[in-house]
Amino acid sequence: MHNSIRNKGMVFTIFISLTISVSAQNTDLKLWYNAPAENVWEAALPVGNGRLGAMVFGNPGQEQISLNEASIWSGGPNRNDNPEALNALPEIRKLIFEGQYQQASKMAAQHIQSKRINGMMYQPAGDFRLVFPGHENYAGYYRELDLESAVAKTTYKVGNITYTRTVFSSVPDQAIIIHLTADKPGSLTFEASLLSEHNSKVIVAKDNILYLSAQSSDKDGVKGAVKFETGVGIKQKGGTISSDNGNLKVSGASSATVYISIATNFVNYKDISADEKTKK
C-alpha cells in the first residue's frame, strides 16, 4: 500500500513536471505566414491597444495598414428608443413568465424595438500606405503576429538586403508605432501617405507632420458629426525626409520609426464637443 502511494506520488510529480515543461515551451505563440495578405482584409494581422487598432497587410512593395479608432461612428448623438417601451414592459415580462414566448417576442418587436433606426455604424479611420520602390521582386518572405507581445513583424529580402517592419499599438503613448529597418546602411527609401473613404483633407504641416482631417458619414437621416484627425510623424536614422503633394518621402535612411495618432471630437455618447486637433 505504501509502495502504491509512493508510486502514484512519483507519477504525479513527473506529470506535473512534464506539464510545466510543455507549458513553458508553448508560451511562444505566433501566427505566421510565408506570403503577404495582398488585399484580403481577413488575412491581415491585427494590433491594437483598446482604442487604436490597425490591420497590417505585410505587402513588400506597397504596405497597407488599415486604421481604426474606437469613437469613429456614423451619424451623431440622437435618440432612437421607442417611447412605448416602458409601458409595454410589464405585459411582456408576464408573457415570458407564462411561457408565451412567441407573443412576448411579437409585442417586444412592436413596442420596444426602435421605430426609427437601429443604430449607427462603426467606421474605419482610413489607410496608411507605404510605397517601397523596387520591392515588388522579393524573396525569403515571412510575417508573424506574436500573440504574447502583440507585435506584427514582416521580413523579406530584396537582392542581398534584408528589410524588417514591426508594428504595434502602444497603450502609454496612445499611438501606433511602425519601425522600419534595412540591414545595409542607407538602403531604406519609401513614400508615406494617408487615405480615407470619408470626405477628408490631407496636409503636411511644419516639421514634416502629415495630417488627415475628416468627418464621419450620415446614416438614416442622422448627419455625420464625429470629426477626427489622424497625424503621422516620421523619425529616420540617416538619409533625408521631405514632403511632396501631401506625401512624406524618406530617402537613403538606415532605419525609420513612424508614429500614428488619431483623435476625435468624442467626449461621451451625447457630447461630441471636444477639439480633435488638440486632443491627440
Side-chain angles (χ1 to χ4, degrees), residues 28-49 52-69 123-170 175-197 202 210 212 230 232-237 239 241 246-262:
D28 188 22
L29 298 177
K30 297 179 181 180
L31 302 176
W32 63 270
Y33 307 85
N34 58 11
E38 298 295 344
N39 296 317
V40 182
W41 191 90
E42 293 83 359
L45 296 175
V47 296
N49 65 9
L52 294 176
M55 296 293 286
V56 184
F57 286 71
N59 299 325
Q62 182 171 304
E63 175 66 286
Q64 175 181 336
I65 298 178
S66 296
L67 304 173
N68 291 97
E69 198 278 344
Q123 298 193 309
D127 289 336
F128 177 64
R129 300 280 177 87
L130 291 165
V131 176
F132 298 84
H135 288 211
E136 296 80 11
N137 298 316
Y138 57 87
Y141 183 91
Y142 173 83
R143 67 184 173 109
E144 69 173 31
L145 174 63
D146 189 313
L147 298 180
E148 184 175 2
S149 65
V151 174
K153 182 171 72 171
T154 302
T155 64
Y156 59 90
K157 297 188 73 170
V158 176
N160 61 350
I161 302 172
T162 299
Y163 293 90
T164 303
R165 308 172 194 166
T166 55
V167 185
F168 65 96
S169 189
S170 170
I176 294 169
I177 313 296
I178 306 167
H179 189 57
L180 311 166
T181 63
D183 67 355
K184 180 180 178 181
S187 301
L188 188 62
T189 295
F190 62 89
E191 183 174 301
S193 60
L194 281 170
L195 303 91
S196 179
E197 294 184 3
V202 177
L210 188 62
L212 180 146
T230 303
V232 174
I234 302 176
K235 291 185 177 180
Q236 88 281 6
K237 182 178 180 181
I241 183 170
N247 299 331
L248 295 179
K249 291 186 175 182
V250 171
S251 301
S254 298
S255 65
T257 303
V258 181
Y259 303 87
I260 303 174
S261 65
I262 308 173

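Along the sequence shown, residues carry numbers from 1. Just so we're clear, the structure is a prediction, and the values are computed from it rather than from any experiment.
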*Asks:* Which heavy-atom pair separates Ala192 from Leu210 by the least distance, and what is that distance?
*Replies:* O-CD2, 4.2 Å
*Asks:* Work out which heavy atom in Gly239 is nearest to a heavy atom in Gln236; give both atom names and the distance.
*Replies:* O-NE2, 3.7 Å
*Asks:* Answer yes or no: is there a side-chain heavy-atom contact under 4.5 Å between Lys153 and Thr164?
*Replies:* yes
*Asks:* Can you measure from CD1 (Ile260) to CG (Leu194) and round to the nearest 0.5 angstrom?
*Replies:* 7.0 Å
*Asks:* Mind checking what makes side chain to side chain contact (heavy atoms under 4.5 Å, CB included) contact with Pro46, not counting sequence neighbours?
*Replies:* Met55, Leu145
*Asks:* May I ask you to decide if Lys157's main-chain N or O and Thr162's side chain share a donor-acceptor pair within less than 3.5 Å?
*Replies:* no
*Asks:* Counting C-beta onward and ignoring hydrogens, is there a side-chain heavy-atom pair between Thr155 and Tyr163 closer than 4.5 Å?
*Replies:* no
*Asks:* Taking all non-hydrogen atoms of both residues, which atom of Asn68 and which atom of Ile262 are closest, and how far apart?
*Replies:* O-CD1, 4.1 Å
*Asks:* Drop me the distance from Leu45's CG to Thr154's OG1, to the nearest 0.5 angstrom.
*Replies:* 7.0 Å
*Asks:* Do the non-hydrogen side-chain atoms of Gln62 and Leu130 ever get within less than 4.5 Å of each other?
*Replies:* no
*Asks:* Measuring from atom CG of Asn160 to atom OG of Ser187, what distance do you get when rounded to the nearest 0.5 angstrom?
*Replies:* 8.5 Å
*Asks:* Short question: side chain of Arg143, backbone of Trp32 - any donor-acceptor pair under 3.5 Å?
*Replies:* no
*Asks:* Are Leu147 and Leu31 packed together at the side-chain level, in the sense that at least one heavy-atom pair is separated by less than 4.5 angstrom?
*Replies:* yes
*Asks:* Contact between Ile65 and Ile178 at the side-chain level, heavy atoms closer than 4.5 Å - yes or no?
*Replies:* yes
*Asks:* Under the side chain to side chain contact (heavy atoms under 4.5 Å, CB included) criterion, do Val258 and Phe128 qualify, and how do the steps go?
*Replies:* CA-CA 11 Å; Val258 181; Phe128 177 64; 3.8 Å; yes
*Asks:* Would you say Glu144 and Tyr142 are linked by a side-chain donor-acceptor pair, where the criterion is simply a distance under 3.5 Å?
*Replies:* yes
*Asks:* Would you call Trp41 and Phe57 a side-chain contact if the rule is heavy atoms closer than 4.5 Å?
*Replies:* yes
*Asks:* Can you check whether Val250 reaches Thr189 side chain to side chain, under 4.5 Å on heavy atoms?
*Replies:* no
*Asks:* Taking only residues two or more places apart in sequence, or in another chain, which ones meet Lys249 in a salt bridge (Lys or Arg N to Asp or Glu O under 4.0 Å)?
*Replies:* Glu191, Asp244
*Asks:* For the pair Asn49 (side chain) and Ser170 (backbone), establish whether a donor and an acceptor sit closer than 3.5 Å, ignoring hydrogens and angles.
*Replies:* yes
*Asks:* One pair to check against salt bridge (charged side-chain N to carboxylate O under 4.0 Å, His left out): Glu63 and Arg165. What are the steps and the verdict?
*Replies:* CA-CA 10 Å; Glu63 175 66 286; Arg165 308 172 194 166; 3.2 Å; yes
*Asks:* The criterion is salt bridge (Lys or Arg N to Asp or Glu O under 4.0 Å); which residues satisfy it with Glu197, sequence neighbours excluded?
*Replies:* none
*Asks:* Taking it one step at a time, do Val151 and Val167 satisfy side chain to side chain contact (heavy atoms under 4.5 Å, CB included)?
*Replies:* CA-CA 6 Å; Val151 174; Val167 185; over 6 Å; no
*Asks:* Locate the shortest heavy-atom distance separating Leu188 from Ala256; write the atom from each residue and the value.
*Replies:* CD2-N, 3.8 Å
*Asks:* In Å, rounded to the nearest 0.5 Å, how long is the span from OH of Tyr156 to CZ of Phe132?
*Replies:* 5.0 Å
*Asks:* Under 6.0 Å between ring centres, would you say that holds for His135 and Phe190?
*Replies:* no
*Asks:* Would you say Tyr141's side chain and Gly58's backbone share a donor-acceptor pair under 3.5 angstrom?
*Replies:* yes
*Asks:* Could you tell me which non-hydrogen atom of Leu52 sits nearest to which non-hydrogen atom of Ser169, and how far apart they are?
*Replies:* O-OG, 3.1 Å
*Asks:* I need the minimum non-hydrogen distance between Gly134 and Val158, along with the two atoms involved.
*Replies:* O-CG1, 3.8 Å
*Asks:* Taking Asn59 for the side chain and Pro36 for the main chain, is one N or O donor matched with an acceptor at less than 3.5 Å?
*Replies:* no
*Asks:* Within the structure provided, determine whether Asp127 and Leu67 are in side-chain contact (heavy-atom separation under 4.5 Å).
*Replies:* no
*Asks:* Is there a side chain to side chain donor-acceptor pair (under 3.5 Å) between Thr166 and His179? Walk through the geometry before answering.
*Replies:* CA-CA 5 Å; Thr166 55; His179 189 57; 5.7 Å; no
